[in-house]
Amino acid sequence: MTLRIYNTLTRQKEPFVPVEPGKVKMYTCGPTVYKPAHIGHMVGPVIFDTVRRYFEYLGYEVIWVLNITDVDDKLIARAREENTTVRELAERNTADYLECLRALGVEGIRYMPRATDHIPDMIRLIEGLLAKGHAYVANGDVYFDVTSDPDYGKLCHRDPEQMAAGARIEVSEKKRHPGDFALWKSAKAGEPAWDSPWGPGRPGWHIECSAMSMRYLGETLDIHGGGIDLQFPHHENELAQSESFTGKPFVRYWMHNGLLKFGQTKMAGSLGNVVNVRDLLQRYPGQTLRFFLLSTHYRSPIEFSEERLDALHKSLSAFYRFFDRYQRITGESFYGLQAPRRRREVHISNGPFAQDVLRLRQRFLDALDDDFNTQGAMGVLFELLTALNRYADEHRLEDPDHRQPTSTAVFRQATLVLRELTLVLGLFMTPPAVPAITSDKIVSELVQLLLDIRNECRKQKQYALADLIRSRLKDLGIVVEDRPGGSTWRLES
RNA sequence: GGCCCCUUAGCCAAGCGGCCUAAGGCAGCGGUUUGCAAAACCGCCAUUCCCGGGUUCGAAUCCCGGAGGGGCCUCCA
C-alpha cells in the first residue's frame, strides 16, 4: 500500500506524489503570538510532526516550515494593555510556544520564519499582484481583488457571490467587493509600521504565508497544513494571491486538522475557554498530551477532558511497565534500542510469534498509509504490547533460572519492532521524568533495606510481617511487586 | 439564512462495499499466576453500527429523507 492523503481541495484521498522526488515541502500555519499557547495550538504541530516523522521513515527529506505571526491587531492591542512593545510580547509568547512544542515531542521544524523578518518579500509580492491587476490601492491600503481570480472559492468550495450575499463581513467602503481582503494596511498613529510604496503600514494577515512559503519552499508546496478553521478565509486567500502571482499551483495537498473542543464548542482564544499548555504540563507529562492528540484521527474534532487524559495516562503506563520489564529481562534500556529509522522489510526468527509481530507491524504501517490514521496505529501498538508480554510470560523470561538465550534474543528482536513503531509516532523518545525522591540514594537504599527484611520474612514464612511492610509502603505510595528475579518497587502512578 | 462535516458498547475510539457474528483503550465481571498481592496473561462485555426508506448477490460502509451535534461564512491552530 502506498501513502494516501485526504486533500481538502479535492475532498478525496489521493496517493502522495511529491513535486520533487524524495522531498516533501511542508508548510503549516503557526500561531499569532499574542498570548501563551493553549492546548488547541498543539494539535496541528503534533499531527504534522507525526506526518513529518512518517515521511522521513518512508525515506523522504522533509523541509518543514512553520511561521510565527508576530504583528497584527491583537498583538498591538495586547501590547498596549500590558504596557509593553509588540516585539517583547511576541518574543515572550514565541518562547512559551517553543517550550510547549518541545515538551510534546515536536521536532524537525526546519524554518520558523517571523512575519516581521519578511516584509520586503511581502511588498514584492504585493507589487506583483498590483502589476498583474489582481490588487488595487485605496487610500494607503492595498486590497486583493477577488473578482480577478476565477478560481476564488475553490478551496472552501463556495461561490464568492453567494458568500457576499449573506455576508456579515463589515463592508469597508475602501473595498470594491465585500470579499476583497487587505494585502497591506496603512498605519495608524502609534502602530508598528514599515515603509512601502503605498506609505507606512503593515502587511495583511494572509500575505505573510504566501511570501514565506515561497521564500523557503518555492512556488509549489507539497503539503500545506493548518486547523480547519483556517480553511476560510486564510487559506483560500493565500491560495488566491499565490496562484494569481505565480500562475502555478500553490499546494498539492491541503491538510486540515479538526479542532480541539472544550465541552461542545471549540477552544479558542476569542472564546476565552482555553487551557494553557504550560499549566497542563504541571499535571500531565508532555507524552500523555501527545498521546491524547494522536488518539483520534487528525481530521476529527477532539474534545478536551481531564477524565480522558487520566484514562490515557493510565493506558500509557502499561508501556512504561513493559519498558521496565524489558530492562529486567535483557539488562538494557528500551530507550537505547537502535531501531531502523527507515521503512524496509524486517526479519525476525521463524515461528508463530515472529509472524504475529510482523503482521502487527504491517497493520500499523497500513493504518498510517491510510491518511495518517494514528488511532488505528496506536491500537496495533497495544496489541503488540500484549503479544510481547505474553511471550515473556510463556517463556518465563523474567526468571533467570528458566530463560533461554534464544527466546530472549527473539524477544529482543520483537521489542525492536515496538521501538521502531513508537519512534514513527514520536512516542517514548526519552524515559519519563522520575520524581526526585525515586532517584534519591538514601530513599532508594532505605526502601531496598525494607524489601530485604521483608524477603527474609517471606523466606521464614512470616507473612504477616511481610505483608505489613508492603502495606505500609503502599500507604506511602510505594508499590511492591514480587517477581522471580526479586522484588521491585515503584511509585504509584 | 448559505456551505461543509459528524453520529459505532457505560465512556473514548478504529472501520472507507464482502476477511465485520465490528480493532484498540478506559471502566466492569470471571479465571490463570502468586503464600497473599501487584504486574502480566486468558476469557466475558455492540447479532449490531442515531432513526426510516432505497441501491446491491452482499452496507456500519453507497443514495434519499428525518433527528441530534459540530465547523465555516468575522480574528482564530
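Protein chains get the first letters and strands the later ones, always in sequence-line order, with residue 1 at the start of each. All values below were derived from every heavy atom in this structure, side-chain atoms included, with hydrogens, water molecules and symmetry-related copies excluded.
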For [X], answer base if it contacts any base atom (sugar-phosphate contacts may also be present), sugar-phosphate if it contacts only those atoms, and nothing otherwise; contact means non-hydrogen atoms under 4.0 Å.
X	value
A:His234	nothing
A:Val43	base
A:Leu260	base
A:Asp467	base
A:Gly226	sugar-phosphate
A:Ser315	sugar-phosphate
A:Val480	base
A:Gly225	nothing
A:Met42	nothing
A:Ser305	nothing
A:Arg454	base
A:Pro31	sugar-phosphate
A:Gly227	sugar-phosphate
A:Thr32	sugar-phosphate

Tell whether [X] reaches the base of [N] with its side chain through a donor-acceptor pair below 3.5 angstrom.
X	N	result
A:Gln375	B:rA23	yes
A:Arg470	B:rA37	yes
A:Asp482	B:rC36	yes

Can you check the [X] [atom1] to [N] [atom2] distance for me, whole Å?
X	N	atom1	atom2	value
A:Lys261	B:rU7	NZ	P	12 Å
A:Leu289	B:rA77	CG	P	19 Å
A:Asp370	B:rC16	CG	P	8 Å
A:Asn373	B:rG24	CG	C1'	11 Å
A:Ile228	B:rG71	CD1	C1'	8 Å
A:Leu312	B:rC11	CG	P	17 Å
A:Tyr298	B:rA14	OH	P	13 Å
A:His235	B:rC73	NE2	P	13 Å

| task | For residues A:Pro160 and A:His177, report the shortest heavy-atom separation together with the two atoms involved. | result |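 In this case the closest contact between A:Pro160 and A:His177 is O-NE2, 4.2 Å.
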
| task | Test the A:Arg299-A:Tyr6 pair against the cation-pi criterion, namely NZ or CZ under 6.0 angstrom from the six-membered ring centroid and within 45° of the ring axis. | result |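 Yes, a cation-pi geometry holds between A:Arg299 and A:Tyr6.
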
Please report whether the ring centroid of [Y] lies less than 6.0 Å from that of [X].
X	Y	result
A:Tyr320	A:Phe428	yes
A:His235	A:His256	yes
A:Phe411	A:Tyr326	yes

| Is the count of non-hydrogen atoms from other residues, nucleotides or ligands lying under 6.0 Å from A:Arg283 atom CZ greater than 12? |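 Yes, the 6.0 Å shell around CZ holds more than 12 heavy atoms from other groups.
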
| said: Other residues, nucleotides and ligands only: do more than 12 of their heavy atoms fall within 6.0 Å of NZ on A:Lys474? | reply: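 Incorrect, the count does not exceed 12.
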
Closest approach to the side chain of [X], judged atom by atom: which nucleotide of [options] is it?
X	options	value
A:Leu259	B:rC73, B:rG71, B:rA14	B:rG71
A:Thr296	B:rA39, B:rG71, B:rA14	B:rA14
A:Arg158	B:rG2, B:rC41, B:rA38	B:rG2
A:Cys29	B:rC75, B:rA39, B:rA77	B:rA77
A:Ser270	B:rC75, B:rG24, B:rG69	B:rC75
A:Gln264	B:rC72, B:rG69, B:rG35	B:rG69

Assigned partner base of [N], Watson-Crick or wobble definition, under 3.5 Å:
N	result
B:rG28	B:rC44
B:rC72	B:rG2
B:rG17	none
B:rU33	none
B:rU7	B:rA67
B:rA59	none

| request: Determine, stepwise, if the pair A:Glu398 / A:Arg403 fulfils salt bridge (Lys or Arg N to Asp or Glu O under 4.0 Å). | output: CA-CA 7 Å; A:Glu398 285 214 55; A:Arg403 66 168 161 247; over 6 Å; no

| message | Quick check on RNA chain B: between A:Ile302 and A:Ala311, whose nearest nucleotide comes earlier from the 5' end? | response |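 Its nearest nucleotide being more 5', the pick is A:Ile302.
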
| task | For A:Leu385 and for A:Ala268, locate the closest nucleotide of RNA chain B by heavy-atom distance; then report the residue assigned to the nucleotide nearer the 5' terminus. | result |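 Whichever sits nearer the 5' end wins; that is A:Leu385.
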
OP1, OP2 of [N] versus side-chain N and O of [X]: anything below 4.0 Å?
X	N	result
A:Ser300	B:rC5	no
A:Arg363	B:rA23	no
A:Lys266	B:rC72	yes
A:Asn257	B:rA77	no
A:Lys314	B:rA27	yes
A:Thr386	B:rC41	yes

| request: Ignoring hydrogens and angles, tell me if any N or O in the side chain of A:Arg4 forms a donor-acceptor pair with the backbone of A:Asp370 under 3.5 Å. | output: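 Not confirmed, A:Arg4 side chain does not pair with A:Asp370 backbone.
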
| request: Would you check if A:Tyr463 stacks with the base of B:rG35, given a 5.5 Å centroid limit and a 30° plane limit, both strict? | output: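 Given the distance and angle limits, yes, they stack.
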
| task | Measure the acute angle between the ring planes of A:Tyr152 and A:Phe181, then classify it against the limits of 30° and 60° as parallel, tilted or perpendicular. | result |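 Parallel: the ring planes of A:Tyr152 and A:Phe181 meet at under 30°.
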
| query | Given the P atoms of B:rC50 and B:rG15, what is the spacing between them in whole Å? | reply |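 Their P atoms lie roughly 15 Å apart.
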
